[in-house]
Structures are given as C-alpha cells and as structure tokens.
Amino acid sequence: MSSKLKEKVKVYLALRSGGVCAHPEYQVRLTENPAGEDQGAIIGEAAHIFGEKPGSARYDPIISIEFLSSAENLIYLCPTHHTLIDKQRKTHTVAKLFYWKTDHENKMREATTAPSVEVTYDEIQIVTGSLSRTILLQEVQEARKAEEHLDVIKNGLEENLDLLTTTLTELGEIDKDVRRRVLGYSRWYEPASKDEIFQKLAVFGHERELVAFNARRLQDDGLIQITENHYLPWNEEVCQQAAESLMAEILRELEK
Ligand SMILES: [Zn+2]
C-alpha cells in the first residue's frame, strides 16, 4: 500500500468493496473486531492495478498520475493477495484485476441494495443517532406488540409532515428524495458526516455530485449550513420531520 494514497481514496475504496478482499475465490473480511484490550483493526490494503512507478507490477508509462492514484485504479485486497498479485505478475494482468475489482464491487453494491427494502439498518442508526440497532429493534418489536404505540408514532408523523412537504414541493422525485434524506441525516443531534450521507445515498444509486448539489440548494434555502465535514441544520423542525419521515419508511418496511 502506498503511503502517497489519500486516506479519503482508501476509505472510499474500502466502502465500495464492502470491507472484503476482492479476490474472487475467498471472502476474507478485512475488519477485525476489538479483542481484549485491543481496538478493532483494518487489515485491508489498496493495491495498484496499473503500477505506480517504473519497476512496479503492471507499470505502464502511458497512464496518468491522476488515474494511478484514483480509486478506479485500486483494488481492495487482503495483505496475502496484495503480495500475490505483485509477485505473480504474468498471472495477475491488468485486465484480470479490473475484472476482479468490478465484479466484486458490483456484488457488494447489489448485496447492500435489496430492491424490496428501501431503508437499510445502517440508515436506521444514522436516523436515530446514538440508538443502537439492538435497542431500536427491541423498540420496534414492542411497537409491533402494542399497536397503540405504532399509531401514536404514525399520527405524530402525519401531523408534522406539512412543513417538510411544503419545503420539497415542485421538485423532481429524485431531488426530493435526496434532499429529504440529507435533512433527515443532518438532524439536530449528532448529524451524520458528509461521507456517511454520501455513502447512504449511494445505496439508493444517488451520485455524490447530485447529493452535493441538493445540499447546496438546501443551504440556499437556509435549511442547512455546509461545513468541511458536515451538513449542519439551521432548521431543527424541518430536519426532525425529515428524520421522522425516514423513520416512517423503516416502520413500513418492518411491518411487512
Ligand atoms: Zn484476499
């Protein structure tokens, strides 16, 4: 792994790879849980497909420096397979590695985009801030048991949705969805980071640029302010409504 690679590029590659080695014959998970007094660890490596300098595996002088250090030229591997592809260079050609990469990343994307489930459990955690998945599921199960509780949530949602609906009128469906989610994830307490929001919206097929564009429009509307790492809400009420609207989706999914 090159130390010149930007941390952001490596994180992006690891996310896109689902934290799993892209070698097609193994499914090695590249995050290790905390053990004893040790913290969790990342053991994945960002390996160059086209080599980064003369003498390195699969080097080609025609390739631009910009492409060389971009995520498009990197494949996420365990240390063993990283070593292997750089030692057995004739077997591990550029074409083969691009095929491994693309196939692996597509599979990971599909695995996290179940068509019948519009809201992922990871999203639940963002929407609900510090609530853990376990606590939330317990709450939902309680709510299922007590229909009353569920009705209270639903009624509360319906009463509160007017302001959000007004805010999002006359937008295309995709822009509406993106802005509502940005607002929901940016709500007053523990707002999700930009990277988290990009990642969550990528699951729905929304490109980073589209999300950033819509966030800028939300800023123009005075609903959020954009900082280096966050979209921070100015309007607590609208963000809260958007978060509740995401919560409503989750409840609908769980009721099925
Ligand atoms: Zn591996």
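Indexing begins at 1, ligand by ligand and atom by atom, following the structure's order.
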Taking distance alone, no hydrogens or angles, what donor-acceptor pairs closer than 3.5 Å link side-chain atoms of residues 20-39 to residues at least two apart or in another chain?
from, atom 1, to, atom 2, distance (Å)
His23, ND1, Glu25, N, 3.0

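When hydrophobic residues (I, L, V, M, F, W, Y) are linked wherever their side-chain heavy atoms come within less than 4.5 Å, the members clustered with Phe67 are Ile49, Phe50, Ile62, Ile63, Leu68, Ile75, Leu77, Ile85, Val94, Leu97, Phe98, Tyr99, Trp100.
Using a 4.5 Å heavy-atom cutoff, the side chains of Phe204 and Arg181 are in contact.
A salt bridge links Asp177 and Arg180; the closest N-O separation between the charged side-chain nitrogens and carboxylate oxygens is under 4.0 Å.
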- side-chain contact (heavy atoms from CB on, under 4.5 Å) between Val211 and Val182, intermediate numbers included: CA-CA 8 Å; Val211 178; Val182 170; 3.9 Å; yes
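Around the Zn ion (ligand 1), the protein N, O or S atoms closer than 2.8 Å are Cys21 SG, Cys78 SG, His81 ND1, listed by chain and residue number.
Checked against side chain to side chain donor-acceptor pair (under 3.5 Å), Arg16 has the following partners two or more places apart in sequence or in another chain: Tyr12, Glu72, Glu105.
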